[in-house]
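Notes to accompany the following structure.
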Amino acid sequence: MKALTVDREGRLAVKEFPIPEYGRCQALVKMKSCGVCNGTDMKLVHKTFKNFDSYPAILGHEGVGEVIETGADVKNLKKGDLVLLPFLEKSVDGYTPGWGAYSEYAVVGDAGAYVEQGMGPGTREWNESYLAQTVIGPGDKTDPVGAAMIVTFREVLSAIRRFGFRANESVLIFGAGPVGLCFTRFCKLLGMKTVITTDLSDAKVEEAGRMGADYALNSGNCDIEQEVRRLCPEGVDNVVDAVGINALLNQAMGLIKYNGKVCGYGISPKLGMELDWSRAPYNWNLHFVQWPSKKEEGEAHAQVMAWINVGVLDPMDFISHTFSFEQILDAFALVERREPGTKKIVITF
């Protein structure tokens, strides 16, 4: 099979590897699509992903695959199933999975079969990702391209639950890329009263308005603190850094109300900063979600699919480009150029 690799110098290349082996509680999938993650993938390319230093690596984690073979003990997966979050479990030919979904083939696990065979949580055979390797049902209103976006949807919704956002609260979201747009849409679907989204791009600001932001602001054209205080004189309940810029955490200190939350979701390549809370209220909270729990992602699946199936959430609204796997180097070049209007990019196989 072919797969996308990156070496220690950040050079991308498509190379050939053996098709992965799979165990008795696993299935082999033929990859159908994989979303390009501006966070994880690009940080792996630039060697800024926290605690990852295993190069050369095979990239990709927002994958969707079709089951083509199943292990002897598999009971909850069958040929033809479309499954989220396949990956490569083992290093191959000296290449480490990171997490390996830009490959023509990958592996998924049957969580129920692992438990039944005595290989559940706490055993060396177990991987928490099995809990998020969910089947897209025949009645679910999405195709393999749209399904790639569901991985991001679930990550964001599980983070919102971790942050403890509640209906009727206010929230300011820094960034209107794919993740910021997800926060914007979900916060409105969950009944948050005032959603303010900011970005430096007029096109992204307009998109945030279409996603339901009550106020979408270009932070390069206005004084954000002045605008937020005009809209919410006591400050906002929550501020989200959806891009991973440490300075935004300090900026948030002057925007939150008493007992408000500063929420870090984007992972900055700089793993330290001087935090200045001189302008914050006396009581406030700082909460980071840097590594989504796969168990919690799996638990978010039903809510995401309900929104999609009743028509209030359309994955294609978040996707701007699709590229075939043969064009994957062009897709990454587009990400690096940061062209206006670029949202989620999905690779098809």
Side-chain angles (χ1 to χ4, degrees), residues 27 29-38 60-68 76-87 101 106 108 110-112 129-161 167 176-192 195 207-213 292 294-325 331 341-349:
V29 302
K30 174 71 176 70
M31 295 302 298
K32 304 296 288 185
S33 66
C34 187
V36 178
C37 180
N38 294 354
H61 75 102
E62 297 181 355
V64 182
E66 181 181 347
V67 174
I68 58 172
N76 302 296
L77 299 169
K78 63 182 185 302
K79 290 182 181 180
D81 279 348
L82 203 62
V83 187
L84 297 177
L85 220 63
F87 61 97
V108 294
D110 180 347
S129 293
Y130 302 148
L131 296 173
Q133 291 176 336
T134 316
V135 175
I136 299 296
D140 288 332
K141 297 179 180 179
T142 188
D143 61 11
V145 172
M149 192 67 213
I150 295 171
V151 177
T152 300
F153 287 164
R154 301 189 315 182
E155 290 176 353
V156 171
L157 181 56
S158 63
I160 286 174
R161 292 174 173 178
V179 168
L181 293 177
C182 288
F183 270 101
T184 300
R185 187 66 173 156
F186 293 177
C187 286
K188 290 311 297 183
L189 288 173
L190 292 168
M192 298 189 76
V195 176
E207 190 65 29
R210 286 192 288 270
M211 288 296 173
K294 297 306 171 188
K295 179 177 183 292
E296 291 173 3
E297 284 183 38
E299 292 169 346
H301 184 83
Q303 178 70 79
V304 167
M305 294 314 304
W307 283 336
I308 291 173
N309 291 334
V310 300
V312 296
L313 180 65
D314 185 348
M316 300 310 295
D317 287 341
F318 298 78
I319 297 169
S320 61
H321 297 77
T322 60
F323 287 81
S324 69
F325 182 64
T342 301
K343 295 186 282 186
K344 177 66 71 175
I345 298 171
V346 176
I347 306 302
T348 60
F349 293 81

To the closest 0.5 Å, what do you measure between [atom1] ([X]) and [atom2] ([Y])?
{"X": "Met305", "Y": "Lys141", "atom1": "CE", "atom2": "NZ", "answer": "10.5 Å"}
{"X": "Gln303", "Y": "Leu157", "atom1": "CD", "atom2": "CG", "answer": "6.0 Å"}
{"X": "His321", "Y": "Lys344", "atom1": "NE2", "atom2": "NZ", "answer": "13.5 Å"}
{"X": "Ile347", "Y": "Phe325", "atom1": "CD1", "atom2": "CZ", "answer": "8.5 Å"}
{"X": "Leu85", "Y": "His301", "atom1": "CG", "atom2": "NE2", "answer": "11.5 Å"}
{"X": "Lys294", "Y": "Glu296", "atom1": "NZ", "atom2": "CD", "answer": "11.0 Å"}

Answer yes or no: is there a donor N or O on one side and an acceptor on the other, between the side chain of [X] and the main chain of [Y], under 3.5 Å?
{"X": "Arg154", "Y": "Ala132", "value": "yes"}
{"X": "Asn76", "Y": "Asp110", "value": "no"}
{"X": "Ser320", "Y": "Lys343", "value": "yes"}
{"X": "Asp81", "Y": "Val83", "value": "no"}
{"X": "Lys30", "Y": "Gly65", "value": "no"}

[X] to [Y] - nearest heavy-atom pair and separation:
{"X": "Ala300", "Y": "Ser158", "answer": "CB-N, 4.3 Å"}
{"X": "Phe183", "Y": "Ala159", "answer": "CZ-CB, 4.4 Å"}
{"X": "Gly146", "Y": "Ile319", "answer": "CA-CD1, 4.2 Å"}
{"X": "Pro86", "Y": "Ala106", "answer": "CB-CB, 3.8 Å"}
{"X": "Ser129", "Y": "Phe87", "answer": "CB-CE2, 3.7 Å"}
{"X": "Asn38", "Y": "Pro178", "answer": "ND2-CD, 4.3 Å"}

Report yes if some heavy atom in the side chain of [X] is under 4.5 Å from a heavy atom in the side chain of [Y]; otherwise report no.
{"X": "Met149", "Y": "Val346", "result": "no"}
{"X": "Met316", "Y": "Val145", "result": "yes"}
{"X": "Thr134", "Y": "Ile150", "result": "no"}
{"X": "Pro144", "Y": "Leu82", "result": "yes"}

Would you please classify the geometry between the Phe186 ring and the Trp307 ring as parallel, tilted or perpendicular, with 30° and 60° separating the classes?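 Because their plane-to-plane angle lies in the 30° to 60° range, the rings of Trp307 and Phe186 count as tilted.
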Single hit among Ile136, Asn309, Val64, Leu313 for side chain to side chain contact (heavy atoms under 4.5 Å, CB included) with Thr142: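 Answer to the side chain to side chain contact (heavy atoms under 4.5 Å, CB included) test with Thr142 among Ile136, Asn309, Val64, Leu313: Ile136.
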Are more than 12 heavy atoms from other residues, nucleotides or ligands located less than 6.0 Å from atom NZ of Lys295?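 Counting neighbours around NZ of Lys295, 12 or fewer heavy atoms of other residues, nucleotides or ligands fall under 6.0 Å, so no.
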Which residues pass the salt bridge (charged side-chain N to carboxylate O under 4.0 Å, His left out) test with Glu155, sequence neighbours left out?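 Partners of Glu155 under the salt bridge (charged side-chain N to carboxylate O under 4.0 Å, His left out) test: none.
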